[in-house]
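Working notes, beginning with the structure itself.
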Amino acid sequence: MRAGRAVPRITGYIRRGFWGRKDVKGTNLTELPWRDVRGVRVFDGFLTSAQQADMVTDVRAIVRAAPLIQPVTPRGQPLSVRMTSAGSHGWITDRQGYRYAPAHPSGAAWPPIPESIRAVWAAVAPQARAPESCLVNWYGPAARMGMHVDRDEADPSQPVISISLGDDALFRIGNAARGGTTESLWLRSGDVLMLSGTARLLHHGVDRIAPGTSTLLDAPGRINLTLRVVT
DNA sequence: TAGTGTCT
DNA sequence: CCGG
């Protein structure tokens, strides 16, 4: 992979004090820098190890209620990732197309989005509407995600927030139109990324997983959680 | 057109 | 049947 690494650049700060921390008076608040890659906001090391572990526990509960599926594209090509969802709407990819659906293909309702995950949205995008969908993507060591745009949400003024858990992933950010130059960055366990504003409709994808770079999960691979407002 | 794919 |  010879795509250029993004140079970290501090462009702002948020307050970090969510999640039961003793931050009522602001005494324990810490500033969390983000960096900006083509308008995509990257929060490196957003989650502590303990927060990541709690979140994995919650993800396992989601997967028990709504088992992972290996989707196929409308042309019948299997995706390399396995997917499930939480929330009022779940992402479905099958021969019928791409869409948000109110239930798992089994017919069971999607489980609710756990508080541990919603807390990240509230901290990073406090002005946004509540998230309606949490897509759970399981990347095995060889899984990838082709370049695409998140364009199936009714209100793209609402952000998309991505949480990385487990092994490192090489994430690529492109342009509004397909093609052109791109920038790549490694996402590590506990990192949070937000597509909003001018970056909301940029092409993006995952080129590679680096197995064995995290000890968070039992098996090599990566979990990505993507929070969205759908309606 | 596909493309949340596959290939050089 | 493209280009990153």
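All of these numbers come straight from a predicted model, not from anything done at the bench. Chain identifiers are assigned alphabetically (A, B, ...) following the order of the sequence lines, protein sequences preceding nucleic acid strands; residue numbering begins at 1 within each chain.
Distance, A:Met145 CE to B:dG5 P: 6 Å, rounded to whole Å. Atom pair A:Tyr139:OH and B:dG5:C1' shows a separation of 14 Å (rounding to whole Å applied). As a whole-Å value, the separation of A:His203 NE2 from B:dG3 P is 13 Å. Rounded to whole Å, atom P of B:dT4 lies 20 Å from atom CG of A:Leu68. Per the geometry, CG belonging to A:Leu202 stands 16 Å off P belonging to B:dT4, to the nearest Å. We find that CZ of A:Arg75 is positioned 11 Å from P of B:dT4, with the value rounded to whole Å. Note: CD (A:Gln70) to P (B:dG5) measures 11 Å, nearest angstrom. We find that CE of A:Met83 is positioned 10 Å from P of B:dT4, with the value rounded to whole Å.
Across all strands shown, A:Gly174 has no heavy atoms under 4.0 Å from either base or sugar-phosphate atoms. When heavy atoms are screened at a 4.0 angstrom cut-off, A:Pro74 is found touching the sugar-phosphate backbone but no base atom.
The only option from A:Gln158, A:Arg129, A:His89 that meets the side-chain hydrogen bond (donor to acceptor under 3.5 Å, both in side chains) definition with A:Thr231 turns out to be A:Arg129.
Considering all non-hydrogen atoms of both residues, A:Ala66 and A:Ser85 come closest at CB-O, 4.1 Å.
Checked against a 6.0 Å centroid threshold, the rings of A:His104 and A:Trp110 count as neighbours. Aromatic pair A:His148/A:His203: centroids not less than 6.0 angstrom apart. For A:Phe171 and A:Trp186, the ring centers are positioned 6.0 Å apart or more.
A distance of 12.5 Å separates CZ in A:Arg64 from OG1 in A:Thr84, rounded to the nearest 0.5 Å.
A sub-4.0 Å separation between OP1 or OP2 of B:dG3 and a side-chain N or O of A:Thr73 is present.
In this structure the side chain of A:Met147 reaches within 4.5 angstrom of the side chain of A:Arg172, judged on heavy atoms.
A salt bridge does not link A:Arg200 to A:Asp150: none of the charged side-chain nitrogens sits closer than 4.0 Å to a carboxylate oxygen.
Within residues 147-161 of chain A, the residues that place at least one heavy atom under 4.0 Å from DNA chain B are, in residue-number order, A:His148, A:Val149.
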Review item, nucleotides 6-8 of chain B N/O atoms under 3.5 Å of protein N/O:
none

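For A:Arg118, the CZ atom sits in a packed shell: over 12 heavy atoms of surrounding residues, nucleotides or ligands are nearer than 6.0 Å.
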